[in-house]
Trainee: 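Following this message is one structure expressed as structure tokens.
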Amino acid sequence: MNALVILTAIFGTDYYVEDYRAAHVTDQATIAAVLNASTNAHAPWNVVHFDGSRTYTLHEEIDALKGQTLQGHGATLRRADEWNTHLTQPVNIGDTVFHVDTVPPDIFPGVLITPVEAGGNGDFEDGDTFGGMRVQSFDATAGTITVGPPARKFFSANSSLYNVDPMVSTWQGGVVEDFVFDGNRQNNDSHVSWVYETAVQVWAGGAEIKNNIFKELPGQGVYIFSGDDTEVHHNLFHDNNSSAIHFSSTYNGGGLTHFRDNVIVRSNQDAERVGHSEGAVTISYRNDNIRITDNLAVEVNDPFIGNFGPWMENWVVEGNKLYDVNGIFFGRFHWAGFDPTGFI
């Protein structure tokens with residue numbers, strides 16, 4: 001191992017997105033190139049710097065891994081416009097090939113997609129409610145898209161097809177800081193669902209989401225799924241269809257998950273279509289050791305906190321200020337072994 005590698009491993013490395021622009025041109029390709037370089041580095045941590053003066057249009061999710069910081073410097077990440085693509089043949093349960101009238105020009109292998117049943121109102125039940133399918137390959141000439149896992153629901157011909165990737169995902173850690181997340185919901189409104197189109201998806205905990213603005217989102221702001229030791233703080237969430245944050249399965253590991261010092265304005269504006277959006281803060285399956293403190297919520301259609309599951313072990317909810325909010329708490333309390341003094 002040479003001296004440069006040793007120093008990199010000790011001190012980490014800074015990467016700058018625009019250094020990769022000339023060789024890759026488009027936003028998505030440029031971001032993919034810099035993330036690939038930083039992921040393959042020898043450092044235990046690195047920082048990827050975005051140009052704060054730019055708006056980056058995302059057609060697929062970008063990832064922040066353990067030890068990696070995505071530093072926005074005020075840059076805007078904007079969800080691309082929804083696809084105008086339709087099935088030309090029905091999709092049956094077990095199918096892996098979709099026949100379409102047009103293969104979207106901005107499709108990528110790995111993108112999360114769902115058909116949406118023709119004739120519905122585009123709510124969460126009209127799409128795939130099992131988590132979607134990933135694009136494996138596509139053939140623009142034949143008009144086919146191969147997916148995995150296989151379809152788990154029937155969709156009729158002329159049903160629409162949409163890219164429903166998160167904008168950013170973190171995996172076993174990662175920091176996402178100082179971005180404007182523009183969900184572009186005016187051009188992503190044909191299908192909305194709590195399952196899809198999240199701004200930041202946290203997998204396996206360990207993440208920090210701070211000093212961001214989340215606006216005009218068709219889906220949720222931050223969705224924490226499995227894992228603990230995550231902090232979401234000093235963010236602004238405004239004019240969004242769904243919850244600012246959704247806790248799910250944070251009992252894994254035993255560490256704290258903390259939502260603090262955030263501002264929520266006009267949350268859950270399309271909660272009926274989105275589904276499973278019980279509050280500005282939605283809490284679902286098995287969530288222990290959580291803190292919801294010192295937040296400000298204004299003009300929230302549903303309660304500040306909506307608790308879907310019965311598990312409430314070691315919660316602290318305090319110091320939050322609520323104005324024009326339709327209730328403080330809605331949900332179920334643990335019927336055995338629950339100490340209410342641990343809640344507030």
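Heavy atoms only: backbone and side chains are in, while hydrogens, waters and symmetry mates are out. We count residues from 1, following the sequence as given.
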Trainee: Answer yes or no: is there a side-chain heavy-atom contact under 4.5 Å between F247 and F259?
Mentor: yes
Trainee: Would you say the side chains of D288 and N314 form a donor-acceptor pair under 3.5 Å?
Mentor: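 No.
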Trainee: Report the C-alpha separation of H59 and N163 in whole Å, then their side-chain angles, then the decisive distance to 0.1 Å, and conclude whether the side-chain hydrogen bond (donor to acceptor under 3.5 Å, both in side chains) test is met.
Mentor: CA-CA 8 Å; H59 302 273; N163 174 352; over 6 Å; no
Trainee: Within a reach of under 6.0 Å around CD of E18, are more than 12 heavy atoms found that belong to other residues, nucleotides or ligands?
Mentor: yes
Trainee: Below 4.5 Å, heavy atoms only, C-beta onward: do D178 and F50 meet side chain to side chain?
Mentor: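 Side-chain contact under 4.5 Å: no.
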Trainee: Given the rule that I, L, V, M, F, W and Y join up when any side-chain heavy atoms are under 4.5 Å apart, are V164 and M167 in one cluster?
Mentor: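 Per the 4.5 Å side-chain linkage, V164 and M167 are not co-clustered.
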Trainee: Does the side chain of Q201 come within less than 4.5 Å of E61's, by heavy atoms?
Mentor: no
Trainee: Taking the side chain as C-beta and beyond, is there a heavy-atom pair between E60 and Q28 under 4.5 Å?
Mentor: yes
Trainee: Could you label the plane-to-plane angle of the W171 and W203 rings as parallel, tilted or perpendicular, counting under 30° as parallel and over 60° as perpendicular?
Mentor: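 The rings of W171 and W203 lie parallel, inter-plane angle below 30°.
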Trainee: Out of E82, Q269, E197, which one pairs with R185 under the side-chain hydrogen bond (donor to acceptor under 3.5 Å, both in side chains) rule?
Mentor: Q269
Trainee: Is V103 reachable from L87 through a run of hydrophobic residues whose side-chain heavy atoms are each under 4.5 Å from the next?
Mentor: yes
Trainee: Are any non-hydrogen side-chain atoms of V176 and F181 less than 4.5 angstrom apart?
Mentor: yes
Trainee: I want to check something: taking the side chain as every heavy atom from C-beta on, are S160 and H191 in contact at a cut-off of under 4.5 Å?
Mentor: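 No - every pair of side-chain heavy atoms lies 4.5 Å or more apart.
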Trainee: Decide, yes or no, whether a salt bridge links R266 with D239 under the criterion of side-chain N to carboxylate O below 4.0 Å.
Mentor: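 Result for this pair is yes, salt bridge flagged.
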Trainee: With a 4.0 Å cut-off on N to O distance, would you call R273 and D189 a salt bridge?
Mentor: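 Looking at R273 and D189, the cut-off is met.
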Trainee: Give a yes or no on whether the ring-centroid distance for H233 and H258 is below 6.0 angstrom.
Mentor: no
Trainee: Going only through I, L, V, M, F, W and Y residues with side-chain contacts under 4.5 Å, is there a path from Y196 to I113?
Mentor: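 Y196 does not cluster with I113.
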Trainee: Please assess R21 against D27 for the test salt bridge (charged side-chain N to carboxylate O under 4.0 Å, His left out), listing each intermediate value before the final yes or no.
Mentor: CA-CA 8 Å; R21 173 74 61 179; D27 290 340; 2.8 Å; yes
Trainee: Would you call the rings of H246 and W194 parallel, tilted or perpendicular, where under 30° means parallel and over 60° means perpendicular?
Mentor: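 Geometry flag for W194 against H246: tilted rings.
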Trainee: Please lay out, stage by stage, how N320 and N295 fare under the test side-chain hydrogen bond (donor to acceptor under 3.5 Å, both in side chains).
Mentor: CA-CA 5 Å; N320 301 288; N295 301 287; 3.0 Å; yes
